[in-house]
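All residue numbers refer to positions in the sequence shown, counting from 1. In this text the structure is predicted, and so the values were computed from the model without any measurement.
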Amino acid sequence: MNDDSMDPRERVLRGRVKDDFRKRMKALRGSLPKEARAARSAKITERLLALPELASVRSFAAFSPIRGEVDPRAIVGGLRERQVEIILPRVLPEEGMLSLHRFAPGDPLTESGWGILEPPEHCPRVTEVEAILVPALAVDLTGHRIGYGKGFYDRLLPTLGNALRITVVYDFQLIAEVPALEHDERVDLVVTDAQVVRTGRLIEKN
């Protein structure tokens, strides 16, 4: 069933539930003490860097954390030690899209109008990556996620072919079910401070 065939009342209800989850998770995540965020992020980093799926990856798209998100900087550092090329996104608000750019050590980051630190426009743009880190406010066991409601990653991910999709969240952000719509893109792996979830998306796709 696609969005056009979904009962409009169901679509509205799911949208409201998503908005409620966003508010709750923002508040819950924001209440986490700085020290607790750092400790949880360290555990997530350890689990992610140990993933066998990343053993041969040579290019990896990360993100700059905002509003108490899991801090991926140690993940980036660990992958750089393996000579993995690091990619970061830029927000293209007029297009409603994200662009991906190579980011080298020492390159400055600039703050976008969305309050996100991103690579300068002159950094080389890329259209392919082997793996990508996808932020989320909540995610379920099937890989459906709730983002910030702008749809940037739902539009970006289909352009990246079979790139491995990984979401990193605190374990309390892993929920039973996301009220997903057809256009919502799933991830392959969910890494929390307590567990790794393999959603089976690529197996189902193939």
Chemist: Which pair of non-hydrogen atoms, one from Leu189 and one from Arg198, has the smallest distance, and what is that distance?
Modeler: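 Taking Leu189 first and Arg198 second, the nearest heavy atoms are CD2-CG, 3.1 Å.
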Chemist: Just by distance, do the side chain of Asp140 and the backbone of Val178 share a donor-acceptor pair under 3.5 Å?
Modeler: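 Looks like yes, one N/O pair under 3.5 Å.
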Chemist: Would you say Ile75 ends up clustered with Leu54 if hydrophobic residues are merged whenever their side chains have heavy atoms under 4.5 Å apart, either directly or through other cluster members?
Modeler: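 Yes, Leu54 and Ile75 fall within the same hydrophobic cluster.
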Chemist: Under 3.5 Å, side chain of Arg29 to main-chain N/O of Phe172, donor-acceptor pair present?
Modeler: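 The answer is no, because no donor-acceptor pair under 3.5 Å joins these two groups.
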Chemist: With rounding to the nearest 0.5 angstrom, report the OG to NE2 distance, Ser99 to His101.
Modeler: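 These two atoms lie 3.0 Å from each other.
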Chemist: Between Ile87 and Met97, is there a shared hydrophobic cluster once you connect ILVMFWY residues whose side-chain heavy atoms come closer than 4.5 Å?
Modeler: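 In one cluster: no.
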Chemist: When you look at CZ of Arg73, are more than 12 heavy atoms from neighbouring residues, nucleotides or ligands closer to it than 6.0 Å?
Modeler: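 No - once you tally the heavy atoms of other residues, nucleotides and ligands closer than 6.0 Å, there are 12 at most.
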Chemist: Check the hydrophobic clustering (I, L, V, M, F, W, Y; side-chain heavy atoms under 4.5 Å; chains of links allowed) and say if Leu133 and Leu109 are grouped together.
Modeler: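 Different clusters: Leu133 never reaches Leu109 through Ile, Leu, Val, Met, Phe, Trp or Tyr contacts under 4.5 Å.
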Chemist: So does Ile146 get a backbone contact from the side chain of Arg22, meaning a donor-acceptor N/O pair under 3.5 Å?
Modeler: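 Side chain of Arg22 to backbone of Ile146, a donor-acceptor pair under 3.5 Å: no, none is there.
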Chemist: Keeping the roles fixed (side chain from Ser59, backbone from Glu130), state whether a donor-acceptor pair exists under 3.5 Å.
Modeler: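 Yes, the answer is positive, given that a donor and an acceptor are paired below the 3.5 Å cut-off.
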Chemist: Just how far is it from atom CD1 of Ile66 to atom CD1 of Ile116, taken to the nearest 0.5 Å?
Modeler: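 Those atoms lie 4.5 Å apart.
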Chemist: Just wondering, do Pro65 and Val70 contact through their side chains at under 4.5 Å, heavy atoms?
Modeler: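 Val70 does not reach Pro65 side chain to side chain.
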Chemist: Quick one, Ile132 with Leu156, criterion side chain to side chain contact (heavy atoms under 4.5 Å, CB included). Give me CA distance, side-chain angles, the key distance, then yes/no.
Modeler: CA-CA 10 Å; Ile132 182 169; Leu156 173 66; 3.8 Å; yes
Chemist: Measuring from Leu164:CG to Phe60:CZ, what's the distance to the nearest 0.5 Å?
Modeler: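 Here the rounded value is 8.5 Å.
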Chemist: Using 0.5 Å steps for rounding, measure from the SG atom of Cys123 to the CG atom of Leu100.
Modeler: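 So the gap between those two atoms works out to 12.0 Å.
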Chemist: Under 4.5 Å between any side-chain heavy atoms of Arg145 and Asp154, yes or no?
Modeler: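 Yes, side chains in contact.
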Chemist: Would a distance-only check, ignoring hydrogens and angles, find a side-chain to backbone donor-acceptor pair under 3.5 Å from Thr167 to Val134?
Modeler: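 The answer is yes, because a donor-acceptor pair under 3.5 Å joins these two groups.
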Chemist: May I ask you to decide if Pro119's main-chain N or O and Arg90's side chain share a donor-acceptor pair within less than 3.5 Å?
Modeler: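 Between the backbone of Pro119 and the side chain of Arg90 there is a qualifying donor-acceptor contact (under 3.5 Å).
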Chemist: Would you compute the distance between atom CG of Asp193 and atom CD1 of Ile44 and round it to the nearest 0.5 angstrom?
Modeler: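 The distance works out to 5.0 Å.
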Chemist: Hey, does the side chain of Gln173 reach the backbone of Leu137 with a donor-acceptor pair shorter than 3.5 angstrom?
Modeler: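 Here the side-chain-to-backbone pair exists.
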Chemist: Give a yes or no answer on whether the side chain of Arg14 reaches the backbone of Leu181 with a donor-acceptor pair at less than 3.5 Å.
Modeler: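 Such a contact is absent between Arg14 side chain and Leu181 backbone.
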Chemist: To the nearest 0.5 Å, how far apart are CD1 in Ile86 and CZ in Arg102?
Modeler: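 The CD1 atom of Ile86 sits 12.5 Å away from the CZ atom of Arg102.
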Chemist: Is the terminal nitrogen or CZ of Arg67 (NZ for Lys, CZ for Arg) located under 6.0 angstrom from the six-membered ring centre of Tyr148 and within 45° of that ring's axis?
Modeler: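 Yes, Arg67 sits over the ring of Tyr148.
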Chemist: Will you find, in the side chains of Asp71 and Ser41, an N or O donor that is under 3.5 Å from an N or O acceptor?
Modeler: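 There is no such pair (donor and acceptor under 3.5 Å, judged by atom type) between the side chains of Asp71 and Ser41.
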